[in-house]
Every structure is written in C-alpha cells, then in structure tokens.
There are 2 protein chains.
Amino acid sequence: MSNDAPTTEPERTRAPNIRDVARVAGVSYQTVSRVLNDSPSIRPETLARVRAAIDELGYRPNQAARALVTSRSRTIGVLASQTVHYGPATSIQAIEVAAREAGYRLSITNISSGDYASIKSGLDYLMSQSVEALVVIAPQVRVFEAIADLQVAVPYITLESTGQNTQHSLWVDQVTGARMATRHLIDLGHEEIMHISGPQDWIEAEARMQGFLRELDDAELRTRAPILGDWTASFGYYAGLELLRYRDFTAVFCGNDQMALGFMHACREAGLDVPGDISVVGFDDIPEAAHFAPPLTTVRQNFAEIGRRSIELLLGELQGERDLSHEPVRPELVVRRSTGPRSGR
Amino acid sequence: MSNDAPTTEPERTRAPNIRDVARVAGVSYQTVSRVLNDSPSIRPETLARVRAAIDELGYRPNQAARALVTSRSRTIGVLASQTVHYGPATSIQAIEVAAREAGYRLSITNISSGDYASIKSGLDYLMSQSVEALVVIAPQVRVFEAIADLQVAVPYITLESTGQNTQHSLWVDQVTGARMATRHLIDLGHEEIMHISGPQDWIEAEARMQGFLRELDDAELRTRAPILGDWTASFGYYAGLELLRYRDFTAVFCGNDQMALGFMHACREAGLDVPGDISVVGFDDIPEAAHFAPPLTTVRQNFAEIGRRSIELLLGELQGERDLSHEPVRPELVVRRSTGPRSGR
DNA sequence: GGGATGCATGTGTACGTTCACACGCACGTT
DNA sequence: AACGTGCGTGTGAACGTACACATGCATCCC
C-alpha cells in the first residue's frame, strides 16, 4: 500500500484526549476540564467553543483517569445471592436506576452458595474494585461476619434482612408481615396452622418464622415446628405431599409465593380444595400470585422502594450525613381467594 | 485540637502503593508489578518476599491506574431491558459468573422503555465506561440501529433475539421452539389455535409468532391474527376473558409462561377445563410452570447456556479469533398436563 | 489612584500502574 | 579470552485527568 507521508503521521486511532479537545477549541486543557466539571466561571463563548470541540471529536472523558486522580471509583458494589428471584431482581433494578441517576455505576456480583468463603470472596472481589459503597442483598446471616472480617471501610447497607444491626440494614418489616399473615388466618378461625419457612441461614426466613411464632403465641395457639424449605415451588409441592398425609392443620403460611404455589399444587393432587379444606398464605406478592389457582393471599413487599432508599441512604452517608435514621418499610397484606374461614370438619 | 507533629506526619491513611510494597519487600516497584502480572522470570525467593509484603500491607492493585495505562477497562457492558424477568435474569447471572472467571467485571444498565432514545442513552452510558465488549439482552428491534448509529467499535452480541444478524446474535431458536409447541397442539388434533404474543417490538416475540404461523401454514390450518400482549400474567388473564367470550378455538399458544398462567386463570373463571376444553402451551419453562394448575406444557430455553456462550464468544473475539461460528441453542418441548386431545364438541 | 477583590484562564504536579528499555551477571559457545 | 544469550532485576517514561496555585485583566471602593 502507498505510504508516502513520512512527516506528520495522522496519528494512530487513539481516543481523543482532553488536550486534543483543548487544541481544537483553542484553549488550555484545564479549561476543558472545567467545562467537563461544570465549573461556574467559564465565559459562555468559551463554553460553546469547548462543547463544539467535544462534539466534533466525539470526545468522552476517560473514567479510569478520572478515578485515578480523584481516587473515587463512582461505583457502588452489590453483593447478591439470588438475582433470579423476583425480590432481589426488583430491588437491584431500582438500585441501578437510582445509582445511575446519581452518577454512580454498579458492580454486581453473585454468590452461588451462602457459605462463608463464598461471601467473603464475593466481598473481596467488590472491594478490589474499590467500590465507594456496598449494598448487600444476600440475606445470609454470615454476611455481617464477613464484612467485619474484611474490615470493610465503606458505607454499606444490607437489604431484605432484619435484625439488630439497624444502622446498616434496610428492610421491609418481615416480622410484622408474618404477623399480619398469621393474624389473618387466626381471624378466619384457624387454630392449627403450619409454616413452611425459607432456608434457615436467610435472615428474612428467620424473621418471618419469628413473626409467625409470636403471633401464634399471642393468640395462645399451639405452635409447631416449621418446615425448613428452600424457597422453590418444587419444595412446596413435595412438602405439601408429605404434610397432607396427616392433614392435622387447616391453614398454611408459606415463606414465599413460590412455595405456596407448590403447596397448592400438592393440595390439588390430594383432592383438597383451597381454601375450602385448607387456607394458604404466601409472602412477597410476585406479579403472578394474583393468577394462581386460586389467587393467592399474600404479603406484599415493596422491593423497589427499599432498593431506591438504600441508594439514597448510602449517597447521604457518602456526603457526610451522619443521621441515617430510617424506618423499616411496612408490608401490606393482600387478601385474595386462597384463604377462607376454617371449615367445619 | 492538638496538632503538634509538624515534622514527619505518619501519613494520612492512604491505600498502600505498589511502591510501598516494593519498599517493604526490598525490591523495585517493577518487580512487584511483575509479581502481580505473573511474570515468569522471578526468583522464587523474591516472589515469596513480595507476596509477604503484599499480605502485610493488605495491598490491592488499583484498577483505575491499571485501566489507565493499559487502556483496557476489563469491563463487559450489559444492556438489559427486563432484568426482573426470569429469562434475562438467568442469563445475566450466568454472564456475570463467566465474566468474573475470565477476570472481567460487568456493568449492567437497564433501559426502562424500548424506545430508541432510551436504548441509545443506555448504550451511550455503557460506552462512556469504555467497556471492552457488549452483551445486549434487550431484544428490541431498534437495538441494531442504535449500535450502528453510535458506531460501537467493540465486539458485541445480542441475546434472546433472532434474525438476520447471525454474526452478532446468539439465541435459543425461537422459531423452532414455537413450531414445536404448535406442532404439539396440531398433533393432538387441534385445528383452531390462538396465539397470544409478546410485544411487537421484541424480536423474540416476533420470532415465536413467525414459528407459530409457519407451522400452521405447513399444516394448512387456518391462521388468525395473534393477540399482542405484554408478557404479564395480567395481560394473559384479561385477554383470556375477552377471547373466551367467543371461544372459537380449542388451543392457545402463549408467548410466555406468565401469560399462559393468566390465561388459565381466565379459563377457570369461565368454568372451562384445561386441558379438557382448551389446551394451553407456554414458553420459557420458568421454574414455577411445573406447578401451575394444571402443570404447564411449555418450551424450555436454556438461558444460562446462552449467557455463558455469549461471554465465551466475546472473549474469543477479544483475543482475535475471527471464527465466531455458533449455532442457535435448541429449545426443548416439555409436555405436562395443560395440553390434551381436542375435545369433541 | 492604588490596593483589594473577583473573574477567566493557564501552568505544574500528582494519582498508581504498565511498558520499553537498560543493566549486571552467570552461562555456554567459538 | 571474547562473545552472544538468557535470566532476574531496575530506571525512565507515559497513560488522561483533577487539584493547587499562579497569572492577567477588569472592577470596585475608599
């Protein structure tokens, strides 16, 4: 190929620089920097010239360089454990939108299992990206341990959990939600109520169980050991098949909607009517719950709300606000057709 | 406050440096750099000393500095439109894991609506982070336009779509899946089959519709205009209520499982039996589908697989492989109880 | 009218890392 | 003995930006 321009090579294709922009606009690079950072004292005419140069060159600020010099990554880390689930997914989406609006980007990492090593390595991975803040949507109990161990120095907040650590937690009040669900069943006359819970190492599963037990206790009803499930519809189904062999209860409070779905499936197979023979309550109010057979009575959580608020809180803390008071979001009981008065037997 | 140490301040808490490590280990900073980058020619003894210094100081490489000098962000961008849905969420999770294993991190951005401006701004946001590659899980038709307009210069791939652009697409073969579902209904003797489709601007909705229509055509059965839905269970429900007023069909192929759920809900309310009166097929095989009432016949897609493969392909392209041949992933028909032979009327 | 003040802009430096190159040394070969 | 070769290590740049400071000029006030 002809290559007969040995003097001023037209430069290899390199992304345009702040200095390139300055040259085109006929100003110093610092002035360009000021434009980029919305400095107040810029002559309108200069501003226009710089803007034009930026457009002409298709210039984009180099985030890495910016991060290096400011030592601010503008990244918020998210440690999640089950991003496929409706709740976490909804929260994360809200977080992403809120973060982006505030000029932050997200770095999400999934932990496959809830064991300590896994949590720690996920956290470690995020810290290595020097995130400025941390949202944890992995409601395993060991998370707090790991955060302490790794000496996480950035503001952090855990979602969908509950517990002692109110300073760093934001959650829908699971205990109250569980009590509302249980109360609803009691009000309908049920006295023998089962609970199919989530996995024991999930803080929220634990909280729902606590709410359930306390409400039963307050009503002076017999409490029985909850079944420990894994959140899946399949588990609800198989647990149901097993439980219905005895059928020494008239109502079930399930730890989430999926397990309730599986349980109702088992009821159908056993020839039992919901709510005629057995009342079922779920938790979460996933969009599908209204169309289950029958439509499911459940406890609605505003996942998007806590997502948004977590970012709000973290950004506040990054700006030095010390007052991080916040109240748990109240859940809401949604009564549909899967619950009814206790049948006379 | 007392501030009486004007000489050598013990330094503000600053993250340890590659030079700090070098000083502690008694080597040059370049040697430390070599250790970090697994350079082969390092004396084992030196290696050990450096490693020890790294641990002692709790040193972490500064990604921003690294990105700046190498001009590699080690980030893969994900443009997603519905991260709450089961399919995208599953793919993204697989992508995240695969990317992390390869030393890449993810930057995910959600586009709320499918309009062109929204897609473009999402893409723009990702490009401003100088991602090295791009995965698009926003199966709107306009995505290709936007990619061309923005002159995206990095390898990219779109998921869950189909179409002409095989070089940059990876998908479960939606057309074949839809044909399988339709064929199944035809084999059961159904001749009047409805289709409730996804939104028209989703490539995959379009593909499923095409598969449906082609299969009917091949069987020389009457085709009718599909209903354009929005993927939600609620839509399926209301569409069902409407359609069942006429009931001039004996089977329905729904664009996804959620709409199928809603449709079956409508059937129950109308006093119709599934599959006795009407057969229903879904698409996706979400984990809940097996526990619907009745358990749903549907087309399974391996979302995780395409997620993994997308990263594989992109990494290959980043390493200069030009042979990006890949075949669509085959879907799988899962026959459950929501379909049955056409009832004699 | 001279100093203080404000605005608009420019100059040096630092952030933490990797790359290209140079160096000293112990080999083996001629 | 002189030479190239490989290994292990060190030195000087450069990446693109923001911050601290300096500069020139107009304005203001007493």
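Just so we're clear, the structure is a prediction, and the values are computed from it rather than from any experiment. Chain A is the first sequence line, chain B the second, and so forth, proteins listed ahead of strands; every chain is numbered from 1.
A salt bridge is defined here as a Lys NZ or Arg NE, NH1 or NH2 lying under 4.0 Å from an Asp or Glu carboxylate O, and D115(B) with K120(B) fails to meet this definition. Taking a cutoff of 4.0 Å between a charged side-chain nitrogen and a carboxylate oxygen, R308(B) and E305(B) qualify as a salt bridge.
Distances were taken from every side-chain heavy atom of V27(B) (C-beta onward) to each of dA14(D), dG10(D), dT17(D); the shortest belongs to dG10(D). Counting only heavy atoms from C-beta on, L68(B) has its side chain closest to dG16(D) among dT17(D), dT11(C), dG16(D). Comparing dT17(C), dG10(C), dT17(D) by their closest approach to the side chain of P61(B) singles out dT17(C).
Expressed to the nearest 0.5 Å, how far CD1 of I311(A) lies from CG of L318(A) amounts to 9.5 Å. Separating the CZ atom in R66(B) from the CD1 atom in I18(B) is a distance of 8.0 Å, to the nearest 0.5 Å.
Atom pair R66(A):CZ and dT17(D):C1' shows a separation of 8 Å (rounding to whole Å applied). Between the C1' atom of dC15(C) and the CZ atom of R19(B) lies a distance of 11 Å, rounded to the nearest Å. Between the CZ atom of R23(B) and the P atom of dG16(C) there is a distance of 12 Å, rounded to whole Å. For the pair I18(B) CD1 and dG10(D) C1', the computed distance is 13 Å after rounding to whole Å. To the nearest angstrom, P of dC15(C) lies 10 Å from CG of D20(B). In this structure, L57(A) atom CG and dG16(D) atom P are separated by 13 Å, rounded to whole Å. The separation between R74(A) atom CZ and dA18(D) atom C1' is 13 Å, rounded to whole Å. We find that CZ of R60(A) is positioned 19 Å from C1' of dC15(D), with the value rounded to whole Å.
Dense packing is recorded around CZ of R60(B), with more than 12 heavy atoms of other residues, nucleotides or ligands lying under 6.0 Å away.
Side chains of T109(A) and E96(B): a donor-acceptor N/O pair is present below 3.5 angstrom, by distance only. Between the side chains of Y29(B) and R34(B), no donor-acceptor pair is found at a separation under 3.5 Å. A donor and an acceptor atom, one from each side chain of Y104(A) and E132(A), are located under 3.5 Å apart.
Within residues 30-46 of chain B, the residues having any heavy atom under 4.0 Å from DNA chain C are, by residue number, Q30(B), S33(B), N37(B).
Contact check, Y29(B) against dG12(D): no side-chain N or O comes under 4.0 Å of OP1 or OP2. Regarding contacts with the backbone of dT17(D), a side-chain N or O of N17(A) is found under 4.0 angstrom from either OP1 or OP2.
One axis for each end of the helix from dG1(C)-dC30(D) to dT30(C)-dA1(D), each built from five base pairs, and the angle between them comes to 40° at 10° resolution.
Using a 4.0 Å heavy-atom criterion, one finds that S71(B) contacts no nucleic acid atom at all.
Side-chain contact between Q129(B) and R105(A): present, with at least one pair of heavy atoms (C-beta onward) separated by less than 4.5 Å.
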